[in-house]
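So the structure is just underneath, and the comments pick up after that.
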Amino acid sequence: MLIVIDEKDPRPLYQQIAAQLKDQVLRGEMQPGDELPAVRELADDLGINLHTVRNAYLRLREQGVIDFRLGRRARISRPRETGPTAAEAERVLGARVRELVADAYLLGLSRDELRGMLDRYAGDDSCGTAHHDSITEDRR
Amino acid sequence: MKLRLLHPLWTHLPSMAALAILIGALLSSGNMPAEAPVHFGPGGAPDRYGSPWAVFGLVIVLSAGFIILSIRLDELWARQERQKTFNHFSLLDELIVGAMTGHALGYLNLILQEQVLYAAPVREMLWLSLPAVAAALVLERLRPYTGQPERLDPEDATALRRVLARTTRSGLAFAYSDIQNPAYVSLLSLLLPAGIFVAAVLQAATMPVWSTLLLVLTSVLLASLYGGLRTSVTREYITIHVGTPGYRVLRLRPADVADVRLRPFMPLKEFGGYGVRANREMSAYYLSGGTGVLLTMRDGQKHLIGSNHPERLAAVIGAAAGLPAES
């Protein structure tokens, strides 16, 4: 697992860590069952506060990306058998999608251009969508 | 699912034959006394009596257990070898089972002849173990090679190399974590210490205090290995930690690394097992697998680091050390 800390990135550090880990899961570089480093060890390696790493892990656990229980090492969760309900999708993604749409509007991006951009990222091989597709395929 | 053994079972026939000879001798021994000396003092005089079947039962169970362990060990060897190599471990079960069953035969003669004093049955031990070891030596030489000559399966580290190139160019802080924590380590670091701890508590009343403390200390040390082996790479250090307390077993500066390359290895043949090991050429750190990352330092020292993703680990260390990427 590779975590890079970019001080120029406007996002808080815990969000950077969480986003990179999710990206590695999406790419298939991190597989279900793979262990994550202990909070203290990762914090030491990155030279950051351990609460920052803990926050990232807690956020990932809330999103179901990792399994993280007291006394046990954090691991990448198994993919869900069923897709999310509409309410769940709204709870997890709603706010971020609304913010994305607002940012696109303020940037002057048309609806089609935004849709094209989403399609491009979702279909980009470098994002490991082959791995993602295989998960959704399994669910069917 | 059919279990296919790469190390054929017939290589264990000599130790099985030694055990069969003991069982045959017991079955044909006629009247076994209900009570016989089962323990002897330093002078050879019996100091405890009991059922001789308990002694023979223990020898049979231990011998069978050792044969099973040996089958597992030899199979591990066969799965690691990339060409036919002589497996010295394959002689171990013949040596130990031969000596144990030979000793049991000597004991059988002793109680059947109602001898008063114990003397080590060297003749029976040699008579069973030497031919067994000689036969095992021949069988190990005859054993065909059924493994896979080249099992180095390079994984694609291109995406990672791209990220690393960006990261090192921008001078950003990073941490790469590589964890080896196979299931057997969790089992050994939970079940074994629990068993030793229970044994320590049970024997506390009858044994000296130092032996109880030694057992408790051993169980605590074994339990502390829970968590396996973690390699982390940052701009400043390559560090290997072991166990829950995070014992630091290696720390290197990437700037001191002169060369990084993938190296297939045979854990049993080259280092005699798993864990933190060393041979004359290098130190080694691994809990599973057969391909590691070999680091050659500027002072000539060599360190072999095991990994479940050696391609990625090599790419990260190479980038941290500022070495050109191989591909």
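Chain naming here is simple, since letters A, B, ... match the order of the sequence lines and numbering starts at 1 in each.
- Both the backbone and the side chain of Ser177(B) come within contact range of chain A, with heavy atoms under 4.5 Å apart.
- Residue Tyr105(A) qualifies as open at atom OH: its count of foreign heavy atoms under 6.0 Å is 12 or below.
- Taking a 6.0 Å sphere around CZ of Phe197(B), one finds it holds 12 or fewer heavy atoms contributed by other residues, nucleotides or ligands.
- Open room surrounds CZ on Arg78(A); 12 or fewer heavy atoms of other groups in view lie less than 6.0 Å from it.
- The line from CD of Glu236(B) to CG of Asp45(A) is 9.5 Å long, rounded to the nearest 0.5 Å.
- The contact between Val163(B) and chain A is made entirely by side chain atoms (from C-beta outward), counting heavy-atom distances below 4.5 Å.
- In this structure, no portion of Ile48(A) lies under 4.5 Å from any heavy atom of chain B.
- Other residues, nucleotides and ligands place no more than 12 heavy atoms under 6.0 Å from the CZ atom of Arg253(B).
- The backbone N or O of Glu29(A) sits less than 3.5 Å from a side-chain atom of Arg312(B), completing a donor-acceptor pair.
- For Leu172(B), the parts lying under 4.5 angstrom from a heavy atom of chain A are both the backbone and the side chain.
- The CG atom of Asp34(A) lies 8.0 Å from the CG atom of Asn308(B); values are rounded to the nearest 0.5 Å.
- Within the model, atoms OH of Tyr176(B) and CD1 of Ile3(A) stand 11.5 Å from one another, a figure rounded to the nearest 0.5 Å.
- Atom OG of Ser170(B) is separated from atom CG of Asp6(A) by 7.5 Å, given to the nearest 0.5 angstrom.
- In terms of heavy-atom proximity, Phe174(B) sits nearest to Leu46(A) at C-CD2, 3.9 Å.
- Within a 6.0 Å sphere centred on CE of Met297(B), other residues, nucleotides and ligands contribute more than 12 heavy atoms.
- Within a 6.0 Å radius of CZ in Arg40(A), other residues, nucleotides and ligands contribute 12 heavy atoms or fewer.
- The structure places OG1 of Thr234(B) at 10.5 Å from CG of Asp44(A), a figure rounded to the nearest 0.5 Å.
- How far CD1 of Ile179(B) is from CE of Met1(A): 7.5 Å, rounded to the nearest 0.5 Å.
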